[in-house]
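All values reported here derive from a predicted model rather than from experimental measurement. Sequence lines set the chain letters: A, B, ... in the order given, protein chains first and strands last, and positions in each chain run from 1.
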Number of protein chains: 2
Amino acid sequence: MPRTESSTPTVRDVAQLAGVSPGTVSKALNGRGQLREETRQRVQDAADKLGFHPNQLAKSLIEGRTYTVGVLTTASFGRFTMPLMTGIEDSLGAGKVSTLFCDSRGDPLRERHYLQELLSRRVDGLVVTGRKPDPRHSLGRLPIPVVYALTQSEDDGDLSMTYDDRQGAELATNHLIAVGRKRIAYVSGPTRHLSTRLRQQGTEDALEAAGMKLDPRDVLLGEWSEAWGRTAAGILIRQAEPIPVDGIFCGSDQIARGVADGLREAGVDVPRQVAIVGFDNWDVMVQGSRPPLTTIDPNLTMLGQLAANRLLNAIDGGELGSGHILRPCDLVLRQSSMSS
Amino acid sequence: MPRTESSTPTVRDVAQLAGVSPGTVSKALNGRGQLREETRQRVQDAADKLGFHPNQLAKSLIEGRTYTVGVLTTASFGRFTMPLMTGIEDSLGAGKVSTLFCDSRGDPLRERHYLQELLSRRVDGLVVTGRKPDPRHSLGRLPIPVVYALTQSEDDGDLSMTYDDRQGAELATNHLIAVGRKRIAYVSGPTRHLSTRLRQQGTEDALEAAGMKLDPRDVLLGEWSEAWGRTAAGILIRQAEPIPVDGIFCGSDQIARGVADGLREAGVDVPRQVAIVGFDNWDVMVQGSRPPLTTIDPNLTMLGQLAANRLLNAIDGGELGSGHILRPCDLVLRQSSMSS
DNA sequence: AAACACACGGAAATCCATTTCTGTGGTTGA
DNA sequence: TCAACCACAGAAATGGATTTCCGTGTGTTT
């Protein structure tokens, strides 16, 4: 009896139609073995006619590779992970590798479950990501390569890749110095966030290198919000002794936008009187701000690309490496720091 | 000779260690067949010791199900697809189904390629998504169920789910009417976007139902930007005949924020003199605005959940359904439309 | 004409987990 | 005591594609 064939065709269906064996179909379609051109063509025609596409599962089972990479994120699809994902896809897509997404939402139990799931599915590698203020616990030894991106593993045996907060802050501060600012303030988020501390460190280093100092009164730490930026602006305006603050490095574009609004509404001209540099290069903030913000771009997409590339390389047998890799940030110039 | 076993253990490894056959291992671990309790335990212990987890690939091959759903998006990981994805994950995760993400970035060629890839991987179903101003072409008949979410298929035989632009606009307008506004304006994005037209329609319908009319001068269409919102605010202020505009429905929160800024800076009190309602419930805009914005929430996460649920149901043999399903939006009240 | 080489394509094993079928022991009942 | 039956676990087939190994048949060489 004829098989009730309306489902997806297999090699056997193609073989039957072409009058050859399944093995021959495989060879014909993959250009392996030695077949007569006529046979190859016949198989090809049969495959086309049936709309045959090999079952990747079966392939993976044999090859021992799934051409799939798991992405395990703690922060839900957020503003920071988004560009990272784009970068990851850039690299993986080119390598014909697909992406299995799992969002643990910060729940360790969920994370364990997803990890197990991904391992069961025999992904070839893993990218662990998520915005975390501090280094996260390691997933431990796994049979596949793992890259921690945008988040850092506690274990130095793991490979972590993040952008360089400190270097970014130095870049921002040096720019403010370069445009002639004499008293530079640092407005940022909560101290408990590592980023806040690192960026302050970078600011201090840059100032010191220029023979300047960060006045403790000019370090204002609050929340990552516009409202805090506006508040901070109000505080800074009142500190004009011995000289007024004329440059502000903000720990985020949101804060920077708040600062810009606060200053403008107090009648302070940006950038003439005060130059502002933000952090993140978050377009809605950066473009929505008046004036548009000079900012530090953490190059998240590139970070994603690099992480994925490292992973692909390791999957192909290369060395994964270990330790903490810090990728440099870039300075993006806009009006908030430069007279046009 | 002993197999050089450091790789992931298989049923055979477990079987060997437990001194039983592979088949027995399967039965023991899955609670099937009739085995002595002692044997079951022995196998379990062996599995635990080796850290055995069954290869999902092999399972899928037999079952004919991969417990994987493909998500094909045209818009890169964006602001709109993000909450949708979260919703999709909500539903799928609960059903032990994983998500294979593909981002075609609006490139039809890439999309075709990804589709083929997903089919090769034998995903159980497909969610097609992406922000598109107009209905998109159908993927056609596929061997698996497909749901179009947040985007609409041209083919009525497909199942599309989007939020209801028109109803959202009615909600907004009715609210403005309810808080006593007598002259309501509509500020939105480009006419070429379907959303712009639908929301205008909704606004007109609501006004008409209340015995009011949308003055053509009060329809301002530009871009989806804050800058346009500020510009529009300036225009509206000057139109005070016969009575001043006292309510503005904006096609996006970005525009609404711009309008709010424009009005405030022109000395117009929001919401006392002019009430504003936005669209999207995009937190940075809604919270960053002064005052915080009353807005329309398109409930994207719920839309994602529903789409995924429909898909899961169809995968389990249920009826997928077809046509265009419009999900209602919600009104979220904040200060921009109500005196505190 | 005998011997050999090669082109071609089929049969079977492989990947791994599951399931059905089968067969062995031991136990129960007539 | 022998037939009947049950508990238990192994053997083998399954799914789909690939690959290795082999056996044809044709063509070439001396």
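Between A/Thr24 and the phosphate of C/dG9, there is no side-chain N or O to OP1/OP2 separation shorter than 4.0 Å. Taking only side-chain nitrogens and oxygens, B/Arg32 comes nearer than 4.0 Å to OP1 or OP2 of C/dT19. Listed pair B/Ser26 / C/dT18 meets the phosphate criterion, a side-chain N or O lying under 4.0 Å from OP1 or OP2.
Note: CZ (B/Phe52) to P (C/dT18) measures 7 Å, nearest angstrom. For the pair A/Leu29 CG and C/dG9 C1', the interatomic distance rounds to 15 Å; values are reported in whole Å. Taking atom NZ on A/Lys27 and atom C1' on D/dC22, their separation rounds to 11 Å, with Å as the unit. Between the CG atom of A/Asn30 and the C1' atom of D/dT19 there is a distance of 11 Å, rounded to whole Å. Remark: C1' of C/dC15 and CG of B/Asp13 are 13 Å apart, rounded to the nearest angstrom. In this structure, CZ of B/Arg42 is placed 10 Å from C1' of D/dA9, rounded to the nearest angstrom.
Residues B/Leu118 and B/Cys102 are in side-chain contact: their nearest non-hydrogen atoms beyond the backbone lie under 4.5 Å apart. By the 4.5 Å heavy-atom criterion applied to side chains, B/Asp103 and B/Thr81 are not counted as neighbours. Between A/Val69 and A/Ile315 there is a side-chain heavy-atom pair separated by less than 4.5 Å. With contacts defined as side-chain heavy-atom distances shorter than 4.5 Å, the pair A/Leu84/A/Thr301 does not qualify. Inter-residue side-chain proximity for A/Thr129 and A/Thr73 is flagged as met; some heavy-atom pair is nearer than 4.5 Å. Using a 4.5 Å heavy-atom cutoff, the side chains of A/Phe52 and A/Leu29 are in contact.
Contacts between residues 55-68 of chain B and DNA chain C, defined by a heavy-atom separation below 4.0 Å, involve B/Asn55, B/Ala58, B/Lys59, B/Ile62, listed by number. Non-hydrogen atoms lying under 4.0 Å from DNA chain D are contributed by nothing in residues 112-120 of chain B. If you check residues 33-41 of chain B against DNA chain D, the residues with a heavy atom closer than 4.0 Å are B/Gln34, B/Leu35, B/Arg36, B/Thr39, listed by number.
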Criterion side-chain hydrogen bond (donor to acceptor under 3.5 Å, both in side chains) on A/Thr74 and A/Arg136, from CA distance to verdict: CA-CA 10 Å; A/Thr74 55; A/Arg136 54 156 290 151; 5.4 Å; no
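Under the side-chain contact (heavy atoms from CB on, under 4.5 Å) rule, A/Val25 has a single partner from A/Thr10, A/Val11, A/Leu17, which is A/Val11.
Without hydrogens or angle criteria, B/Arg42 side chain to B/Ala18 main chain gives a donor-acceptor distance under 3.5 Å. Panel note: side chain B/Ser160, backbone B/Ser153; a donor-acceptor pair is recorded below 3.5 Å.
One axis for each end of the helix from C/dA1-D/dT30 to C/dA30-D/dT1, each built from five base pairs, and the angle between them comes to 70° at 10° resolution.
In summary, B/Asp13 and B/Lys49 do not engage in a salt bridge, as defined by a charged side-chain N under 4.0 Å from a carboxylate O. B/Arg105 has a carboxylate O that lies under 4.0 Å from a charged side-chain N of A/Asp90, or vice versa, which qualifies the two as a salt bridge.
Every residue two or more places apart in sequence or in another chain was checked for a side-chain contact (heavy atoms from CB on, under 4.5 Å) with B/Glu319, and none qualifies. For A/Thr66, the side-chain contact (heavy atoms from CB on, under 4.5 Å) partners are A/Ser60, A/Thr68, A/Arg122, A/Asp124, B/Leu57, not counting sequence neighbours.
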